[in-house]
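What follows is a single structure, written as structure tokens, with notes after it.
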Protein chains: 2
Amino acid sequence: MDDVGRQILALLTEDGRRSYDDIARRVSLSAPAVKRRIDRMRADGAIRGFSAIVDPEAFGWRTEALVELFYAPGTQLHEVAASLSRHPEIVEAWSVTGDADAIARVRTVDNADLERFIADLQLDGQVIRTRSQVIMSDLLRAAKA
Amino acid sequence: MDDVGRQILALLTEDGRRSYDDIARRVSLSAPAVKRRIDRMRADGAIRGFSAIVDPEAFGWRTEALVELFYAPGTQLHEVAASLSRHPEIVEAWSVTGDADAIARVRTVDNADLERFIADLQLDGQVIRTRSQVIMSDLLRAAKA
DNA sequence: ATTGAAATTGCGCGTTG
DNA sequence: CAACGCGCAATTTCAAT
């Protein structure tokens with residue numbers, strides 16, 4: 001990964017629909033050269049894909065929260081991953097160091113729905129306790145999420 | 001926002017570079033009709049933009065963490081937002097309910113760099129204490145292509 | 001439906017290891 | 001020499017009107 005590659009990644013992060021020609025002019029290459037680099041970066045996994053950044057409200061999700069998860073003793077990571085994947089409310093989830101075992105970022109229609117989700121979560125058996133931090137506002141968004 | 005609109009959003013989330021023609025076939029509309037809808041959703045803010053999903057390692061970021069922020073008494077939200085925006089390590093930051101005032105999701109090259117970032121953060125004056133949870137692995141990721 | 005822009009592919013060239 | 005990445009140009013697909 002050289003500097004031109006990183007420049008292309010930055011441009012595509014800013015606008016994933018930029019044309020090859022536009023990128024080519026900005027990095028001083030030809031359009032086909034840019035296309036081939038992007039193809040290569042996709043194959044290498046440097047680019048995971050392209051996505052529209054959608055306002056959650058368009059889907060009726062008005063509540064967002066970070067939910068810390070505490071597992072039952074002896075719980076395996078892949079069990080949790082499997083169980084979490086059955087909850088469409090979860091946008092992302094990470095295994096973390098510190099007090100909690102994991103943190104999930106979730107979207108629900110409202111606070112009552114968040115409460116319902118947390119109750120559901122504990123029915124699976126792996127998660128025995130949670131602690132939630134409801135998002136009041138976005139302070140910063142780098143557009144790469 | 002009707003059901004076809006949400007279907008289009010889902011398709012564009014899955015692959016932000018899908019052609020109008022491809023989308024049109026999947027939702028049983030004509031390509032121009034799809035374009036008009038997408039233009040409208042962009043204008044409405046339902047679609048915030050398009051972005052490449054990049055592997056952080058391509059930029060040399062090998063450490064990711066969630067950092068809880070505790071403000072100095074009397075700190076204004078816009079001051080924090082301004083100060084946070086000067087730190088490129090921050091991917092996203094939210095104002096939250098609960099113990100901490102805010103949570104930032106950050107990317108650094110390694111743990112030492114994370115330590116350096118946290119020290120830098122406190123130099124700004126608004127943040128007087130932090131508590132970090134380092135991400136060990138991704139358990140779940142919803143958006144991709 | 002038409003017209004113009006963008007993406008895609010074949011090919012030969014120069015550089016590099 | 002072999003592998004790689006580039007630009008050019010021709011073709012096809014796509015976007016905009």
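Here the structure is a predicted model, which is why all the values come from computation and not from measurement.
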(message) Generate the contact string for nucleotides 5-17 of chain C. Rules: B means base contact, S means sugar-phosphate contact only, - means no protein heavy atom under 4.0 Å.
(response) -SSSBBB------
(message) For A/S83, give me all partners under side-chain hydrogen bond (donor to acceptor under 3.5 Å, both in side chains), at least two apart in sequence or on another chain.
(response) A/D124, A/Q126
(message) Can you measure A/I38 atom CD1 to D/dC6 atom P for me and round it to whole angstrom units?
(response) 12 Å
(request) Mind checking side-chain hydrogen bond (donor to acceptor under 3.5 Å, both in side chains) for B/D101 and listing every partner two or more places apart, or none if nothing turns up? (result) none
(message) In this structure, how many angstroms lie between the P atom of D/dT13 and the CD1 atom of B/I23, rounded?
(response) 19 Å
(message) In whole Å, I'd like the distance from the CG atom of B/D22 to the C1' atom of D/dA15.
(response) 15 Å
(message) Applying side-chain contact (heavy atoms from CB on, under 4.5 Å), can you list everything that pairs with B/R48, at least two apart in sequence or on another chain?
(response) A/I53, A/D55, A/P56, A/R141
(message) I need the CZ-C1' distance between A/R37 and D/dC4, as an integer number of Å.
(response) 11 Å
(message) Rounded to whole Å, how long is the line connecting atom CE of A/M41 with atom P of D/dG5?
(response) 12 Å
(request) Run the salt-bridge test on B/R42 and B/D39 with the 4.0 Å N-O cut-off and return the result as yes or no. (result) no
(message) Going by the rule side-chain contact (heavy atoms from CB on, under 4.5 Å), which residues pair with B/A10 if we only count those two or more places apart in sequence or in a different chain?
(response) none
(request) Using the salt bridge (charged side-chain N to carboxylate O under 4.0 Å, His left out) rule, collect all pairs that involve residues 60-78 of chain B, keeping only residues at least two apart or in two chains. (result) B/E64-B/R105, B/E64-B/R107, B/E68-B/R131
(request) Could you state the atom-to-atom distance from CG of A/D44 to P of D/dC4 in whole Å? (result) 12 Å
